[in-house]
Amino acid sequence: MDHDTSDTPDTARARKARRGAAPDAPPQELTPPDVDPATNGSDDEDEARLPDILEEAGAVGEGPLATGHDAIERAVRLAPTSAGVYRMLNANNDVLYVGKAKNVKKRLSNYARVGAPQPARILRMIAATVAVEIVSTTTETEALLLEANLIKQLRPRFNVQLRDDKSFPYILITGDHWAPQILKHRGAQTRPGRYFGPFASAGAVNRTITALQRAFLIRSCTDSFFESRTRPCLLHQIRRCAGPCTREIDFPGYATLVREATDFLSGKSHAVKQELAGEMEKASGELEFERAALYRDRLAALSAIQSQQGINPRTVEEADVFAIHQEGGFSCVEVFFFRTGQNWGNRAYFPRAEKTFTPEEVLGSFLAQFYDDKPPPKVILLSHEIEESELLANALSIKARHKIEVSTPKRGEKKELVTHALTNAREALGRKLADTATQGRLLEAMATTLALPHPPKRIEVYDNSHIQGTNAVGAMIVAGPDGFVKNQYRKFNIKSEGLTPGDDYAMMREVLQRRFKRLLSPPEETTKAKDDDFPQWPDLVIIDGGRGQLNAIREIFEGLGLTQVSLMSVAKGPDRDAGRETLFMPGREAIKLEPRDPVLYFIQRLRDEAHRFVIGSHRKLRKKDIREAGLQEIPGIGPSRKRALLHHFGTLKEIERASITDLGKVPGVSAESARKIFEYFHPQPG
């Protein structure tokens with residue numbers, strides 16, 4: 001592991017000696033700045049959802065079949081006989097299909113043959129085609145990689161589409177500090193250190209890191225928090241950190257803990273457990289029972305990690321296992337990640353594909369897109385034999401710079417892993433279909449109860465939050481046939497200068513105007529959805545409030561010329577009792593539902609989710625405001641002095657605790673400025 005030799009324990013200790021005492025609380029920032037936040041500011045994984053079932057005909061505005069044949073025939077005349085990628089376009093210049101071929105001219109000729117037997121899906125694609133674009137590549141392998149990239153970017157109507165494609169979290173043990181830190185990491189792996197993963201979810205990483213802290217006592221605090229310590233924090237007291245910040249453990253001892261953690265994550269778990277067991281026996285034999293108990297607790301933590309991992313292979317060190325199951329016109333691909341002989345989680349995907357695609361076709365296209373932006377393992381195990389497994393293996397080998405094996409095992413432990421993944425795929429799709437059916441019934445009941453023209457496919461719920469008008473933020477949550485659609489959530493920082501503090505009507509007016517003016521903009525600029533099958537226009541908008549809020553929102557919608565969206569406000573019951581809410585809709589009497597009505601429960605869930613999201617957004621904004629702007633509110637303290645103070649003390653809390661004498665020792669801070677800073681944090685009564 002790499003270490004930064006410019007920062008030694010002695011120099012760090014010398015810096016800390018000049019600082020004041022720090023609180024005993026554990027670090028509040030357990031994740032560093034390089035952790036990518038989720039869209040909604042939470043580490044919770046967005047749940048994958050089912051795509052809409054694609055209709056057999058009439059979905060893309062097809063023209064006469066002969067027109068499509070003529071367009072493809074024109075492309076054939078100019079097509080190369082080498083490898084390449086072709087794109088079929090419709091009259092609106094939308095990409096209908098992206099394909100690759102070893103011989104583009106030959107492949108397009110197959111589409112151009114009049115009267116040739118073709119599946120209905122292909123005939124509809126040909127009928128909608130008015131132009132073909134071609135990109136030549138040096139090899140078929142390059143064509144495969146380019147095809148996968150274009151499909152992910154363009155989302156063509158007739159291709160299999162990988163949906164809910166998020167980056168995977170990793171565990172990082174840093175290598176740029178004398179006391180390495182353990183943390184969750186997403187994104188580019190540019191920070192020095194050892195990366196372990198991928199893990200299937202942020203929850204799996206968090207649980208593993210917590211257990212590793214108990215087992216190996218590695219710090220999780222940020223470097224700035226670490227450098228500001230003068231006494232151990234709470235994590236040391238509850239035996240989740242060895243306390244290297246205050247030299248509770250020496251450098252060789254901490255380096256041993258880091259080595260053990262690295263060995264465990266590298267697959268040497270048996271050797272690490274044997275070593276700890278030996279130390280426990282030795283301590284017990286020497287009657288040092290407290291030290292023996294510490295080793296016992298560390299062994300228990302390691303066992304907890306492995307028990308949470310479920311099935312662990314005996315002979316497979318590194319592999320991804322893919323299994324596909326189809327039912328009811330939908331496909332589910334279950335992916336298991338095995339690294340260093342350990343199961344690091346699994347995730348279900350529901351790719352968008354017409355129901356005429358075979359499992360082999362869906363899986364083959366899925367794999368190329370899946371590894372477009374992810375490092376492949378040495379072995380990829382599949383439940384179905386795909387046509388281009390050898391080509392895929394060659395393409396991934398070139399990308400990874402080492403040999404990749406793609407196979408469909410027939411026997412042995414590898415076959416057992418695939419069978420296990422296939423069972424999970426079958427169960428995941430069954431659960432998703434059942435959940436979707438339940439959600440569908442709720443939406444139908446909602447349409448009946450509220451007299452909506454049809455069951456809503458997209459519901460938007462709005463709320464805002466502030467404290468006496470400060471750090472005002474609005475939020476929108478979205479729900480549909482598959483439940484909450486978290487990648488569509490949005491927050492709006494309220495920024496109108498003339499806004500009266502605490503004017504909820506004006507805040508909501510700004511949020512809605514910003515949201516719907518964007519939708520009313522030209523389609524090519526703003527309204528293209530991330531998922532083409534999920535609508536961008538809501539069928540129903542819900543706000544928290546009574547008749548007054550509803551009338552104000554109706555005026556906003558009328559001013560924007562919006563008449564096709566249904567509006568509803570939800571007023572809390574007496575004493576804010578859940579179950580006694582009143583619903584208001586334009587031109588109708590107030591609606592009171594029975595306390596146990598499923599529709600009322602559903603509306604409460606929507607409102608509570610909006611409230612949860614907006615409160616979380618407000619808290620983050622407020623923390624950021626306190627952290628970044630708090631010092632600048634003091635007269636005479638600008639960005640330069642703020643940086644000097646933070647560099648000297650580490651955190652705003654430490655500055656708040658500092659005495660006038662300590663503040664005056666900061667370079668650039670005069671005695672008068674030190675007094676102003678101290679009085680800002682310690683105002684005198686009267």
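All of these numbers come straight from a predicted model, not from anything done at the bench.
Electrostatic pairing of Arg441 and Glu444 does not count as a salt bridge here, judged by no charged N lying under 4.0 Å from a carboxylate O. The existence of a salt bridge linking Arg514 and Glu510 is confirmed by a sub-4.0 Å separation between a basic side-chain nitrogen and an acidic carboxylate oxygen. A salt bridge between Arg157 and Glu354 is present, with a side-chain N of the basic residue lying under 4.0 Å from a carboxylate O of the acidic one. Between Asp482 and Lys432 no salt bridge is recorded (no basic side-chain N to carboxylate O distance below 4.0 Å). A salt bridge between Glu581 and Lys592 is absent, with no side-chain N of the basic residue lying under 4.0 Å from a carboxylate O of the acidic one.
With no hydrogens or angles considered, no side-chain donor-acceptor pair links Glu361 and Ser365 at under 3.5 Å. If you check the side chains of Gln549 and Ser569, you find no donor sitting under 3.5 Å from an acceptor. Between the side chains of Tyr489 and Glu460, no donor-acceptor pair is found at a separation under 3.5 Å. Counted by atom type alone, Asp608 and Gln604 present zero donor-acceptor pairs between their side chains at under 3.5 Å.
Two residues are said to be in side-chain contact when any heavy atoms from C-beta on lie closer than 4.5 Å; Phe557 and Val541 meet this criterion. Proximity of His69 to Thr129: side-chain heavy atoms (C-beta onward) are nowhere separated by under 4.5 Å. Phe357 is listed as a side-chain neighbour of Arg121, based on a closest heavy-atom distance under 4.5 Å. With a 4.5 Å cut-off on side-chain heavy atoms, Phe484 and Val478 do not count as touching.
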Intermediate values then yes/no, ring pair (Phe, Tyr, Trp, His ring centres under 6.0 Å), Phe199 and Tyr170: CA-CA 6 Å; Phe199 286 79; Tyr170 284 74; 7.9 Å; no
Apply side chain to side chain donor-acceptor pair (under 3.5 Å) to Asn149 and Gln153, showing your working. CA-CA 6 Å; Asn149 184 272; Gln153 287 184 19; 2.7 Å; yes
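Summarising the geometry, atom CD1 belonging to Ile459 is positioned 8.5 Å from atom CD1 belonging to Ile477; distances are rounded to the nearest 0.5 Å. Here Thr438 contributes atom OG1 and Leu433 contributes atom CG; the two are 11.0 Å apart, rounded to the nearest 0.5 Å. One distance of note links CD of Glu133 with CG of Leu150; it measures 10.0 Å at 0.5 Å rounding.
The environment of Gln564 atom CD is dense: over 12 non-hydrogen atoms of other residues, nucleotides or ligands sit within 6.0 angstrom.
One N or O on the side chain of Gln439 and one on the backbone of Gly480 form a donor-acceptor pair closer than 3.5 Å. Between the Lys374 side chain and the Phe370 main chain, a donor and an acceptor come within less than 3.5 Å of each other. Counting only distance, with no hydrogens or angles, the side chain of Asp463 and the backbone of Ala610 share no donor-acceptor pair below 3.5 Å. Judged by distance alone, with hydrogens and angles left aside, the side-chain atoms of Asn159 form no donor-acceptor pair with the main-chain N or O of Gln161 at under 3.5 Å. Checking side-chain atoms of Asn90 against main-chain N and O of Asn92 turns up a donor-acceptor pair under 3.5 Å. Using modelled atom types, no side-chain atom of Asp597 and backbone atom of Leu593 make a donor-acceptor pair closer than 3.5 Å. Put simply, the side chain of Gln326 never gets that close to the backbone of Ser331: no donor and acceptor are under 3.5 Å apart.
The aromatic rings of Tyr111 and Tyr97 sit perpendicular to each other, their planes meeting at more than 60°, with 30° as the lower class boundary.
Judged by a 6.0 Å distance limit and a 45° cone about the ring axis, Arg490 is not positioned over the six-membered ring of Phe613.
Ring to ring, Phe350 and Phe330 are not that close: their centroids are 6.0 angstrom or more apart.
Of the residues Arg458, Met446, Lys457, the one that meets the side chain to side chain contact (heavy atoms under 4.5 Å, CB included) test with Leu540 is Met446.
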